Structure formats: structure tokens, C-alpha cells
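Treat the numbers as computed from the prediction; the structure is a model and nothing was measured. Every chain is numbered from 1, with letters handed out A, B, ... down the list of sequences.
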Number of protein chains: 2
Amino acid sequence: MVAKTSTPQVFGRLEKFMEPCLLLTLREEESHGYELMEKLKEFGFEGSSADMANMYRILRNLEEKEMLSSKWEEGAGPPKRVYSITQAGEKLLEEWAALIRKNRARIDRFLTKFAENGEE
Amino acid sequence: MVAKTSTPQVFGRLEKFMEPCLLLTLREEESHGYELMEKLKEFGFEGSSADMANMYRILRNLEEKEMLSSKWEEGAGPPKRVYSITQAGEKLLEEWAALIRKNRARIDRFLTKFAENGEE
DNA sequence: CCGTACTATATACATAATGTATATATACTG
DNA sequence: CAGTATATATACATTATGTATATAGTACGG
């Protein structure tokens, strides 16, 4: 029997959060997938294989929608697909920022209420 | 043809956010589904049919896991299934709060960086 | 020069969470 | 007695994410 009282692993992700993080990171400087994953750790991504799969999918999808453009770069090690953000991509990022602000407001309302009633 | 430049409907939900909101609302006072949906609007839920379906699913699921208990209440209108939070449910809520705080931190890092680099 | 590890990209398949659509029933209002 | 609001519920479809695996170049040690 397993102790139910340990870590019941509650989780609720920030859906599609990786997309705006990629756009924001690329607004600063062009980069390729593998390197981007390192940079994404700043936003709480782990760099797990799930994250990797996710990232490559999102990058390709964003390029398809012309939010990013890419070029192959040869050098030491295997070739890299280096992504740059487009103007449309920057606009998309702005929209993401607006949505994320709203989400933060929802979270804040939750946390405020949680703290208020917690101490009866 | 539809103008692409209008609202491209970016969206990223707060996954499973309804669950902690239900728990928090029920920590204050017992309530039934239909009424709970009204209360959830505080946390940014719309009360759409999707939200409804979602809510009833979550409530049943939480009861199955003994995070909530319910009783039928007769009165004016159709009978209501009134939910109360259990001790396990309160503990679950605490775990949710911890996770949500982490998610807020991730969001904050994003928004801070977004604002920083935005004004070049 | 061979195996191992690290860099690098990619995708098929499975699962999980949410959205759509619909069914059922009570009670009030005109 | 038809329409609307209250009230709960679920089958089915879609979307987003996770798991597993494939491929390949380069560096390093033995």
C-alpha cells in the first residue's frame, strides 16, 4: 500500500505557455531549438523529452504560420535550424502578453481569496 | 474572406484551474453545481456550456476521490446536489495553492521580461 | 577505429483535458 | 400549455501534451 499522504502530484499546467516564451526569447535574439530549451528554463521548463517534443512541434507550427522564419546553420556538431521572429510573430507575442496578464489576474484573485479565508 | 488582422484568438488556458476554484468556493460554504457556476465567475469563468460540462465532471470526480461529499436537496425547482468539502479536499486545496503560486512566478518572469525588452 | 556521450532535430502513437451537443426533468410565468 | 429558467448529466469530438523512438553529426577516450 502506498501512503496517500505523500505527494499526490496535483498539477495544472499553463496551457501553451511555451509558445509565448519562445516568441519572447526569440525577440531578444535568434536561436535554435536545442539552445532555446536552455533559455526556456528561465520560465520554469525542465528540458524533459516531453518539453523537447513540444518545443520542436511549436517551432515548426509557428514557422508554418509565418510567426518565425528559419535558416540552417552549419558548424561544429550537427546542423542547427536557427529561428528568427517575424513582425507577425512580434504582434502575436503582444497578444499573448495581454492574455497572460488576464490569466495572472485570475490567479491573483484565487490566491488573494485563498489567503483571506485561510485564517479563520 | 475574413480579416486576419482582427482578433486571432490567441488562447492558453489555465489547465484544471476550475478544480481549485471549486474547492476554494466550497471551503467557504457548501453549494450546488448551478450556484457554484455563478460563484466561479469571480475567477473569470463565463458559465458557458463548456464550463458547465466541465464543472459537473470535476465535481463528480472530486467526490469519487472523496475530496467532496454531496447530498440531495429538495426544494423549489429541480433537486440540487449540494457539495461540501472534506478534510482531504482542504488538503488538496493547499497543494493547489502551492502549485498556483509557482505558476504565477513563471508568469511574472514572463511579463517582467516582456516589459523590459519591449521598449528598445 | 570503435563505442559512448552529447548535440541536434523530428515524428508516430497514446493519453489527458477540454469543448460540443444533447438528454432529462422540475417549476414558474403568461 | 408553451416557453424559460433552474438543475444535472453524459456521449462523442477535438486539442494539447506526454512517451517512445528514429536519425545523424562530432568529440573524446581507450
Considering non-hydrogen atoms only, spot the tightest contact between [X] and [Y] and give its length.
{"X": "B/P20", "Y": "B/L93", "value": "O-CD1, 3.7 Å"}
{"X": "A/F45", "Y": "A/C21", "value": "CE1-SG, 3.9 Å"}
{"X": "B/I100", "Y": "A/F110", "value": "CD1-CE2, 3.6 Å"}

In whole Å, what is the span from the [atom1] atom of [X] to the [atom2] atom of [N]?
{"X": "A/E63", "N": "C/dT9", "atom1": "CD", "atom2": "C1'", "answer": "13 Å"}
{"X": "B/E64", "N": "D/dT10", "atom1": "CD", "atom2": "C1'", "answer": "14 Å"}
{"X": "A/E73", "N": "D/dG25", "atom1": "CD", "atom2": "C1'", "answer": "15 Å"}
{"X": "A/K80", "N": "D/dG25", "atom1": "NZ", "atom2": "C1'", "answer": "12 Å"}
{"X": "A/W72", "N": "D/dA24", "atom1": "CH2", "atom2": "P", "answer": "13 Å"}
{"X": "B/E35", "N": "D/dA5", "atom1": "CD", "atom2": "P", "answer": "18 Å"}
{"X": "A/M37", "N": "D/dG18", "atom1": "CE", "atom2": "C1'", "answer": "13 Å"}
{"X": "B/Y56", "N": "D/dA11", "atom1": "OH", "atom2": "C1'", "answer": "17 Å"}

By side chain to side chain donor-acceptor pair (under 3.5 Å) - contacts of [X] (at least two apart):
{"X": "B/E19", "answer": "B/W96"}
{"X": "B/K39", "answer": "none"}
{"X": "B/E38", "answer": "B/K41"}

Please produce a list of atom pairs where a protein N or O lies less than 3.5 Å from an N or O of nucleotides 23-30 of chain C.
none

Exactly one of B/M37, B/K16, B/M18 clears side-chain contact (heavy atoms from CB on, under 4.5 Å) with B/N54, and that residue is B/M18
Measure all distances between protein nitrogen or oxygen atoms and nitrogen or oxygen atoms of nucleotides 18-20 of chain C, and list the pairs falling under 3.5 Å.
residue, atom, partner, partner atom, Å
C/dT18, OP1, B/K16, N, 2.5
C/dT18, O3', B/R13, NH1, 2.4
C/dG19, OP1, B/R13, NH1, 3.3
C/dG19, N7, B/R57, NH2, 3.2
C/dG19, O6, B/R57, NH1, 2.7

Please output the side-chain donor-acceptor pairs of residues 77-85 of chain A that fall under 3.5 Å, not counting sequence neighbours, one pair per line with the distance.
residue, atom, partner, partner atom, Å
A/R81, NH1, A/S70, OG, 3.1
A/S84, OG, A/E30, OE1, 3.2

*Should the heavy atoms of other residues, nucleotides or ligands under 6.0 Å from CD of B/E42 be counted, would the total exceed 12?*
yes
